[in-house]
Amino acid sequence: MLNNDPLENILYIDLSKRMFKVEKRRDLFEKYMGGAGVATALLHEECPEDCDPLGPDNPIIFAVGPLTALFPLASKTVAMFKSPLTGNLGESHCGGRSAVAIRMAGYGAIVIKGASSMPVYLSIASNQVYFRDASSLWGMGNFATGRIIRENETGAGLRAIMRIGRAGEKLVSYACVTSETFRHFGRLGLGAVFGSKKLKAIVVSGKSSLPVSDKKIYKKIYDEVYKAAVDSPVMKKYHDLGTAENIMPLNDFGGLPTRNLKEARFEGASGISGETFAEQYLGRRLACSHCPVGCIHIAALREPYEDEAYFYKTSMISYDYESIYSLGSMLGISSASDFLKLMDKVEALGMDSMSLGVILAWATEARERGLISEKETGGTKLEWGNVKEYMKVAGYIVSQPNDFYKALARGVEHAASIYGGENYALAFGGNEMPGYHTGPGTHLGAFIGARHSHLDNGGYGIDQKTLVNRKMKPEELIDILLEEERWRQVLSSLVVCFFARGIYSPELVTRLLGIAGFDLSTDDLQRIGREIHNEKYRFKIREGFAVDTLRLPERIFETPSPINWLNERYIKDALKYAHKTILKELDAEH
Amino acid sequence: MRLAVLETEKCIGCQSCMFACSRIHGEAGLSASCIGVRSIGGMERGFTVIVCKACEDPPCAKVCPTQALTSRKGGGIHFDADKCIGCGHCRDACIIGAVFWDDETNKPMICVHCGYCAGFCPHGVLGLQKREAEDAEQ
Ligand code: SF4
Ligand code: SF4
Ligand code: SF4
């Protein structure tokens, strides 16, 4: 790493004492590069064993990487914390302006500890942190909060505004943190950790320059990466229809979870397809800072006011494959405008749309089967496709008027442990399932992934590309998933957007790192990826996680997937092997 | 030729142009950028792309106390960093905000209309334009 690279600066903020300091931690960045690797190391340093995820000791860690602001698509910020949803490793990635803003403010990572006694928001610039009174923002939604901070702070165009809505304030276990209105630290409840610290928002901005090892070569390699990004067909796909493009192919494949995965094909899929959204609603496309692709799709929804003629409200609402699955097919919603209305509400409240959709789907089926009735729901009718009622329920999950909604606010795993229906409570390792019922790859991937996310190892891709053509021994599949997850530790330590993983080959990565003064071979990268993965698992095990004790929701075996040999035996064998392999890895390292 | 914003509505806010401008000025990062992209009060409303208009009678040059800024033939300005004392008058005089500031050198960053940034705009928002053509349009 280069001598004068501000990446080595870690900003430590203590909300209890209202103090901050900057420490140089070259050691961490030289060892793990940045992002997920550095954040995992900091989690080990800062998060005491068995700490309460919603207590002052739980740290919030943000980290960016050496390639951020140097090369296109190193555009994510990695957040690390102990998750209030799973009680274990919490990791979530967000783009928007966050990564570039943190790097340009002159930091490689930010660590926030303690808790404030009253609502605050933090304004962070180079060498400065202001603790601002957020009492008047408390209770406000994501959109309004952003608007007010935008007007109060400087740095337009160079800043990220990361904030929570009411779900975070009310400690909903899967509350998200939203940046730039439409991007999220979505999964695993970072929003609740913010809320528990009375931290409403963080605005960070900066505009510095960065050192490079060789300016001439820098410009040359930059051109190469830029060209690869704009010419790549994958990137074009994400720009054109966005991730929503996947709705139809997954439905045709028979892997689109529908009505709480009672089915894996949705008869109403075309109503919520990427094509439908693009043709009828697409209003704007956006990009994260330093990303020429721009996969972010925003719909414009025009709704008439019922009480006055020719009076309309136009809302701009973002959509993605995952949210369309969870708040669409999973709930039997087949109209794009219905989906958008629900999505808009969820955005304002600030919840992970994926978790929420899975929870609503479970609750709907539980009501269908008579496990819960209108006594629990307080009169709201949970029924497939009834968007009005789903919007009400989303509101109640935040306001929590009774025990039932309090339970829903803690995730599907928790709710099912009280009301039953565990066999169709679709959480893996405590995290609600992603939008794929493509075969064993996706489910095993989510079970063993360090954050139980589909992006940990992309198991759904293995189903669609490989397992449709040939059967695989459980051991082989696990080895492939682990291998992929280790490599992704490298990418997420460089905070490269996973959509660009095809471009960021190991060979290219070593060259780009050379520009940032890191002399690493492809073997070094593999080793670092492995180490980070192990460190994550060390944390998970420390906090009580074990692959072989995972709860397997029977539903995934009942509903046929495109890979017809998916069954319980196979998954169990695979998990047993995964458990052994992971432990062996950890032993071997010591 | 001058740099012009051809189609603001197509801007996705990727800031590739800003990074490009900094690079052509020999810096990685954003400190040396002469172009600015920011949302119009929230990204949902789109972006404004701020670049030097190459005014024929540039207000920034008029207020410069040391003649570090002089107007160029055909519009735009020439900046002589050696003469600049970093007073910031030019920045205040440019009401469209196209005089950017390099905090590291404490001097203005002013577009030279080289067009390098346009080559990195993925959606043709930026382009070089002949002044005559623009005049004819009006
Ligand atoms: S591809 Fe999409 S998510 Fe990835 S950096 Fe670009 S805009 Fe952000
Ligand atoms: S034309 Fe040249 S100087 Fe002007 S903004 Fe673009 S890259 Fe910068
Ligand atoms: S490169 Fe083009 S699309 Fe990107 S911010 Fe600049 S003007 Fe907008």
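To find a chain, count down the sequence lines: A is the first, B the second, and so on, and within it residues start at 1.
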_Heavy-atom side-chain proximity of A:L158 to B:M18 below 4.5 angstrom_ = yes
*Do you know which two heavy atoms are closest between B:M43 and A:E180, and how far apart they sit?*
CE-CG, 3.5 Å
*Greatest number of heavy atom pairs closer than 4.5 Å to chain A - which of B:E104, B:E27, B:R23*: B:R23
_Residue, of A:R285, A:H290, A:R150, that accumulates the most heavy atom pairs under 4.5 Å with chain B_ = A:H290
*Of all of A:K219, A:K215, A:R284, which one pairs up most often with chain B through heavy atoms under 4.5 Å apart?*
A:R284
*Inter-chain contacts: residues 204-212 of chain A against chain B, heavy atoms under 4.5 Å*: A:K207, A:S208, A:S209, A:L210, A:V212
_Is B:C17 in contact with chain A via its backbone, its side chain, both, or neither, using a 4.5 Å heavy-atom distance?_
neither
*Looking only at heavy atoms, which two atoms of B:P122 and A:V230 are closest? And how far apart?*
CB-CG1, 4.3 Å
*asked:* Please find the pair of heavy atoms, one from A:Y226 and one from B:S16, that lie closest to each other, and give the distance.
replied: CE1-OG, 4.1 Å
_Quick one: does any side-chain atom of B:Q15 pair with a main-chain N or O of A:G157 as donor and acceptor, under 3.5 Å?_
yes
*What closest approach, in Å, do A:A287 and B:C14 show between heavy atoms, and which atom pair accounts for it?*
CB-CB, 3.7 Å
*Which heavy-atom pair separates A:A156 from B:R38 by the least distance, and what is that distance?*
CB-CD, 3.4 Å
_Heavy-atom pairs under 4.5 Å with chain A - which of B:S22, B:G36, B:G46, B:A32 has more of them than the others?_
B:G46
*For A:Y218 and B:A28, indicate whether the former's side chain and the latter's backbone hold a donor-acceptor pair under 3.5 Å.*
no
_Flag if over 12 foreign heavy atoms under 6.0 Å of CZ, A:R511_ = yes
*Which of the residues A:E151, A:R147, A:R103, A:H239 is involved in the greatest number of heavy-atom pairs with chain B at under 4.5 angstrom?*
A:H239
*asked:* Taking CG in A:D240 as the centre, count heavy atoms belonging to other residues, nucleotides or ligands within less than 6.0 Å. Is the count above 12?
replied: yes
*asked:* Within a 6.0 Å radius of atom NZ on A:K227, are there more than 12 heavy atoms belonging to other residues, nucleotides or ligands?
replied: no
*NZ of B:K107: more than 12 outside heavy atoms within 6.0 angstrom?*
yes
*Between B:G119, B:G42, B:C121, which shows the greatest number of heavy-atom pairs under 4.5 Å with chain A?*
B:G42
*Mind listing the closest non-hydrogen atom pair of A:Y222 and B:F19 along with its distance?*
OH-CB, 4.3 Å
